[in-house]
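Residue numbers start from 1 in every chain, and the chains themselves are labelled A, B, ... in the order their sequence lines are given, proteins ahead of strands. No hydrogens, no waters, no symmetry mates; every other heavy atom, side chains included, goes into these values.
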Amino acid sequence: MIRSIKHTTGVHRTHSARRAGSWLTWLSTRRVSWLLGVLLGFICEGQATLAQPAAPSETQVKAAFLVNFPKYVAWPAEAFAGTNSPIVITVLGGSKLGDELAKMIPGKKVDGRPLVLNIATKEEQFTNTCHILFIGAAERRRTPAILEKIGAAPILTVGESDDFLATGGTINLAIHDKKVSIEVNLASANQARLQISSKLLNVARVQKEKAR
Amino acid sequence: MAILTDMTRATFACLLVLAVTSAGRSSETPRLGPATNLADLSIEQLVGVEVASVYAASKYEQKVTQAPASVSIITSDEIKKFGHRTLVDALRSVRGLYVSSDRNYSYLGVRGFQPPGDYNTRVLVLMDGHRLNDNIYDSTDLDREVDLDLVDRVEVIRGPSSSIYGSSAFFGVINIVTRRGRQIGGAEASVEAGSFDSYKGRFTFGDKFNSGVELLLSSSYYTSAGQQNLYFPEFDQRISADPRAANNGIAEDADAEEAANLFSSLRYQDFTLSGSYAYRSKHVPTASFLTVFNDGREETTDIRSYVDLKYDHGFSDESRLQARVFLDHYSLTGTYPYDFALPGDPPDIVLDKDGIKGDWAGTEWQWTRHILDRHALLIGGEYRENIRQYQANYDAVSPPFYYLKDNHQSRTLGLYAQGDAALLTNLVLNAGLRYDQFFSSFGGTLNPRMGLIYNPWQGGTFKLLYGKAFRAPNAYEQFYYPAQDTLPKLEPETIRTYEFVYEQYLADTYRLSFSGYYEDIENLISQTNVVGGDVVFGNIAFANIDSARALGGEFELEANYESGLMARISYALQQACDGDHRELSNSPRHLAKFNLACPIFQDNLFAGVELQYQGEVKTLSGNHADDFWIANLTLFSRELVKNLEVSASVYNVFDTHYGYPGAEDHLQDVIEQDGRSFRLKLTYRF
């Protein structure tokens with residue numbers, strides 16, 4: 001009995017016997033030229049698209065949020081030394097975000113207070129003045145430890161990980177439908193004696209999770 | 001002059017592509033300007049700004065570069081853009097992997113190893129960390145057990161991972177991460193229609209509520225009539241002398257498939273409760289296992305279900321505890337028509353049935369601790385109780401006549417530890433060890449793993465890896481054939497892998513990867529003949545008689561542009577042979593893959609092109625099955641109509657005739673696969 005796939009006289013699929021050749025035979029010059037043209041076209045298109053201004057990155061939009069939050073959050077009086085004391089934004093574990101903030105901050109003021117950027121090192125002890133603390137994805141593992149250290153200090157904690165609010169953070173920046181959305185933990189905000197404007201709550205997804 | 005016409009052709013094709021893609025761009029709405037304008041927007045405006053497609057390079061990069069293994073990830077985005085229908089389609093596009101099918105089940109080949117007839121016992125498949133391999137065959141159904149629409153990503157972790165996962169993490173681990181309820185954000189309905197009268201419908205509900213509870217509920221149903229007329233020359237009585245040959249070699253209406261899936265997950269704070277039920281029935285046209293040809297009743301029905309409760313908590317001292325409790329079920333009903341008539345007599349067809357049932361439960365604990373931010377320690381334990389491992393074979397007559405009725409209980413215990421020590425800031429030593437005790441079976445086995453991970457410069461990683469893994473003999477090999485009792489107890493198969501990996505990320509856009517490996521496989525369990533064996537099952541039994549060696553290298557280059565254009569090309573060279581240096585069956589020397597996802601209109605319309613090459617392979621009879629190219633093309637659109645995703649796919653665009661080697665159970669030396677086929681899919685969110 002001969003068993004060979006090279007001879008198929010199929011009733012329903014007629015095709016000539018194909019020799020067991022190398023893959024080069026399939027790539028006849030005609031097919032190759034078509035394929036090359038198509039590939040070249042896509043590569044050119046890709047290059048052309050690169051040259052165009054792209055949509056803003058996730059990091060840029062998150063930085064814009066941080067710069068905007070002071071307009072919608074009220075800190076208790078003792079959080080500031082004087083009426084013109086700066087609002088300090090501390091960034092931990094988000095080097096790219098720090099870069100974007102550095103570009104956005106110069107010249108910005110909220111209620112007469114200038115915005116100041118502080119890039120925290122890993123050894124940061126959080127004893128200095130801080131009004132907004134951003135904990136990046138790279139440092140998310142330390143979130144419970146950091147939140148415990150801060151305690152009930154009047155600091156707006158902002159994160160970008162799924163469990164940030166559940167761990168006791170106040171605002172989480174999440175990606176929904178290719179847009180950055182805000183999730184708020186009111187209990188945590190109350191514990192830090194922060195008042196969040198209804199304008200912010202209206203565009204946010206509010207949660208009443210446990211406080212730190 | 002031929003070259004002029006070739007160049008004209010190429011130029012024409014290039015211009016055509018540019019014309020099509022730029023036509024889409026000219027009507028594009030203007031994008032936002034530079035970043036400085038963003039800060040001037042109000043909060044209400046900011047929540048409406050669309051961000052560039054995040055390839056999640058940093059998450060991928062950290063996961064891939066830090067892992068003591070070579071990792072590939074298939075995202076749900078790619079699954080949509082390339083029109084992957086099942087896990088098999090998704091795995092086919094991965095570097096160094098290949099698939100074969102016998103029109104009953106699909107089998108995964110890794111690093112040149114997939115002996116025809118072997119189940120998927122040497123790859124561990126996890127769904128959200130839950131082991132999917134059953135407790136009878138230690139295998140996973142790659143066809144319809146996992147509903148690909150519910151998958152967020154598939155992680156392919158190559159290499160021996162028994163030091164963490166125990167048995168079956170032999171060639172690698174496939175970890176499937178499901179979508180979260182919040183990602184659905186409401187409800188989703190999906191319908192598919194495709195060639196061979198194939199239809200699928202799915203309804204999914206998922207959301208995260210204000211209380212913090214996150215829920216996902218999904219059900220889907222699939223049916224396919226399959227190929228109506230399949231021709232097998234081996235069964236063509238006009239040219240074949242086989243006594244079963246009939247009907248001019250055509251198996252009519254014997255390729256149908258049916259599947260149903262139910263999946264749910266409920267998350268609240270640190271707890272996740274998930275449950276899954278998968279049913280899959282396939283008619284088999286090949287008359288495997290010496291059954292009657294073109295009878296129409298040969299079929300297998302697999303049911304796999306489980307419930308899993310997981311606890312995951314991070315402590316403030318940077319330690320983490322994960323605990324899991326689970327209950328699993330698996331059943332297989334196989335129907336095999338046999339003709340018991342003597343030659344010359346009229347047919348006496350009796351349905352022989354395999355009734356297989358497995359139930360098991362267990363618990364797993366894992367504690368992780370990060371020390372000084374540079375070192376990490378992981379300790380874990382797993383206990384599994386096989387409540388039932390039932391195998392029966394009987395003739396479906398009244399009353400049923402049993403040839404085999406066997407039931408076993410057994411238990412396994414695994415204890416493991418793994419440590420990461422940062423010898424320098426950019427040099428990490430990873431070492432792991434697991435001890436498994438298989439009570440009332442072969443006893444204990446110790447499996448270590450070691451890796452050096454070095455990051456000399458930005459974006460570059462070198463890995464030097466060694467690991468030992470094992471595959472325990474499964475219940476089928478141990479208990480199905482009566483002659484097994486006459487042989488010594490089966491030992492686990494072992495593999496020792498030496499691997500080298502180099503990965504380089506460039507400018508957040510390109511990823512380059514080179515890897516080389518050598519594998520030493522011992523104690524392979526294979527079918528053997530026992531002299532004077534059982535009357536019904538003959539002399540069949542299993543023994544640890546084979547060994548294999550594999551040597552190979554892989555190359556991959558991937559580009560991800562901000563526009564959404566993604567291109568990936570990979571090549572794998574693999575050489576696998578048995579203990580006598582003979583080429584293994586179903587082991588292709590060359591594998592090449594190409595994937596291109598190209599945006600045609602903004603972020604709303606994509607073209608996905610797949611090109612896959614598989615080299616020729618040896619069949620069981622010593623012949624060779626031809627090498628082949630497969631091309632797939634998908635047009636995927638989203639939000640052209642609000643909340644609607646539409647995709648149209650053509651599979652095997654060039655109608656390539658190709659086949660995979662048959663197993664011992666098949667008369668066919670090569671089993672031919674489908675030609676060109678289509679699929680249209682609509683998904684609506686509300």
**Q** Does Asp40(B) come within less than 4.0 Å of Lys108(A), counting only side-chain N to carboxylate O?
**A**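 The answer is yes: the pair qualifies as a salt bridge.
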**Q** Chain A heavy atoms under 4.5 Å from Phe315(B): which part of the residue, side chain, backbone, both or neither?
**A**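 For Phe315(B), the backbone is the part near chain A, not the side chain.
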**Q** In sequence, state the C-alpha distance, the side-chain angles, and the governing distance for Tyr613(B) and Asp627(B), and then conclude on side chain to side chain donor-acceptor pair (under 3.5 Å).
**A** CA-CA 8 Å; Tyr613(B) 172 77; Asp627(B) 59 337; 2.8 Å; yes
**Q** Heavy atoms only, distances under 4.5 angstrom: which of Val67(A), Leu200(A), Leu66(A), Val61(A) has the most pairs with chain B? Name it, please.
**A**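 Result: the option with the highest number of such pairs is Val61(A).
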**Q** Has Arg369(B) got more than 12 heavy atoms of other residues, nucleotides or ligands less than 6.0 Å from its CZ?
**A**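 Correct, the count exceeds 12.
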**Q** Ignoring hydrogens, what is the shortest heavy-atom contact between His624(B) and Thr619(B)? Give both atom names and the distance.
**A** C-CG2, 4.3 Å
**Q** Below 4.5 Å from any heavy atom of chain A, which atoms of Arg180(B) appear? Answer side chain, backbone, both or neither.
**A**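 Just the side chain, heavy atoms under 4.5 Å.
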